[in-house]
Participant: 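Input: one structure, supplied below.
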Amino acid sequence: MPRDEQGRPDLSQAFNEDTLLTSIMLYLVDGAFVTSTWMCRGRVLEGSGEFPAGTRIEVPTGVAAFPDPVLPPPPRSYAKKTYRIVHRTEMAAGGHFAALEQPDLLLADMRRFFSDEASTKGNRRPHAAIGMAFIGVWTLSRGSRRSDDAAPRGRTT
């Protein structure tokens, strides 16, 4: 993301006014700002910043490491301790709003990751793909059956 003379991220250089105002209004008009911050606040309140010692996520994981001044990507060595990282791309541009700042880079990296994983699995397609665009982490899951206890109870969110 471009920076101002003090080195702070400069949103006015990264986005045109229409894009910036539209994005802000999407959060404010429908009251989504509060719910959009819950994950960050909930993590602090729950103390869930780290997995329990010895936890290992074995699903193939890809990382698009965008240079974010607010939430920098974890070092490769740190991430590999917990995740089975099979794909990592150090992005030259983008940041906290990677999907908005560099949508083509993000999409190309996701396509590469999923294509590579499909070809290593004998062209079988995964049942589910889970992505967290704000930190650029992609994982594959074969899906799992839920027990009756975990079935939806008619609630919508």
Side-chain angles (χ1 to χ4, degrees), residues 1-107 109-110 113-114 126-141 143-144 146-147 149-157:
M1 175 171 291
R3 299 189 174 268
D4 65 14
E5 20 330 307
Q6 285 82 34
R8 297 175 302 212
D10 189 350
L11 292 176
S12 65
Q13 288 184 37
F15 308 109
N16 67 44
E17 288 178 359
D18 286 342
T19 300
L20 191 56
L21 288 174
T22 299
S23 296
I24 291 169
M25 293 308 289
L26 287 171
Y27 283 99
L28 295 179
V29 170
D30 66 358
F33 177 77
V34 173
T35 56
S36 73
T37 60
W38 179 90
M39 187 171 67
C40 297
R41 182 66 179 146
R43 182 177 173 200
V44 170
L45 292 173
E46 294 171 354
S48 60
E50 293 185 22
F51 290 112
T55 299
R56 179 97 175 125
I57 309 299
E58 291 297 334
V59 295
T61 303
V63 178
F66 288 92
D68 184 357
V70 178
L71 295 169
R76 184 183 307 254
S77 59
Y78 182 77
K80 281 188 165 194
K81 289 179 183 177
T82 304
Y83 296 93
R84 184 166 66 102
I85 297 177
V86 297
H87 173 93
R88 182 174 171 120
T89 305
E90 300 294 330
M91 298 295 189
H96 188 72
F97 302 103
L100 188 59
E101 295 174 56
Q102 298 293 330
D104 294 336
L105 283 177
L106 180 63
L107 181 58
D109 193 60
M110 290 176 70
F113 169 67
F114 290 115
H127 290 127
I130 303 166
M132 299 172 61
F134 70 96
I135 57 173
V137 176
W138 326 117
T139 63
L140 292 177
S141 170
S144 62
R146 293 194 278 185
S147 69
D149 293 337
R153 304 246 190 269
R155 292 178 30 197
T156 58
T157 55

Participant: Distance check, rounded to the nearest 0.5 Å: Asp109 atom CG versus Asp104 atom CG?
Facilitator: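 So the gap between those two atoms works out to 12.5 Å.
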Participant: Please give me the minimum heavy-atom distance between Thr89 and His87, naming the atom from each residue.
Facilitator: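 Minimum heavy-atom separation between Thr89 and His87: OG1-NE2, 3.3 Å.
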Participant: Check the surroundings of atom CD in Glu17: do more than 12 heavy atoms from other residues, nucleotides or ligands lie under 6.0 Å from it?
Facilitator: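 Result for CD/Glu17: open.
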Participant: Report yes if some heavy atom in the side chain of Leu106 is under 4.5 Å from a heavy atom in the side chain of Phe66; otherwise report no.
Facilitator: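 Yes, close enough: below the 4.5 Å cut-off.
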Participant: Would you call the rings of Phe97 and Phe15 parallel, tilted or perpendicular, where under 30° means parallel and over 60° means perpendicular?
Facilitator: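 Ring orientation, 0 to 90° scale: perpendicular.
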Participant: Any idea which heavy atoms bring Ala65 and Glu90 closest together, and the distance?
Facilitator: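 Looks like CB-OE1, 3.6 Å.
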Participant: Which atom names give the shortest non-hydrogen contact between Gly94 and Glu101, and what distance separates them?
Facilitator: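 Gly94 and Glu101 have their closest heavy atoms at C-OE1, 3.4 Å.
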Participant: For Val86 and Pro60, work out which heavy atoms get closest and say how close.
Facilitator: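 Shortest heavy-atom separation between Val86 and Pro60 comes out as CG2-CB, 3.9 Å.
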Participant: Out of curiosity, Leu21 CG to Asn16 CG, how far, rounded to the nearest 0.5 Å?
Facilitator: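 Answer rounded to 0.5 Å: 9.0 Å.
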Participant: Quick check against the 3.5 Å criterion: does Thr61 have a side-chain atom that pairs as donor or acceptor with the backbone of Val59?
Facilitator: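 The answer is yes, because a donor-acceptor pair under 3.5 Å joins these two groups.
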Participant: Take atom CZ of Arg56 as the centre, draw a 6.0 Å sphere, and report whether it contains more than 12 heavy atoms from other residues, nucleotides or ligands.
Facilitator: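 For Arg56, atom CZ is crowded (more than 12 foreign heavy atoms under 6.0 Å).
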Participant: Under a 4.5 Å cut-off applied to non-hydrogen side-chain atoms, are Arg76 and Arg88 in contact?
Facilitator: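 Contact flag for Arg76/Arg88 side chains = yes.
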Participant: Side-chain contact, heavy-atom cut-off 4.5 Å: Thr22 with Met25?
Facilitator: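 Result no, sub-4.5 Å side-chain heavy-atom pair not found.
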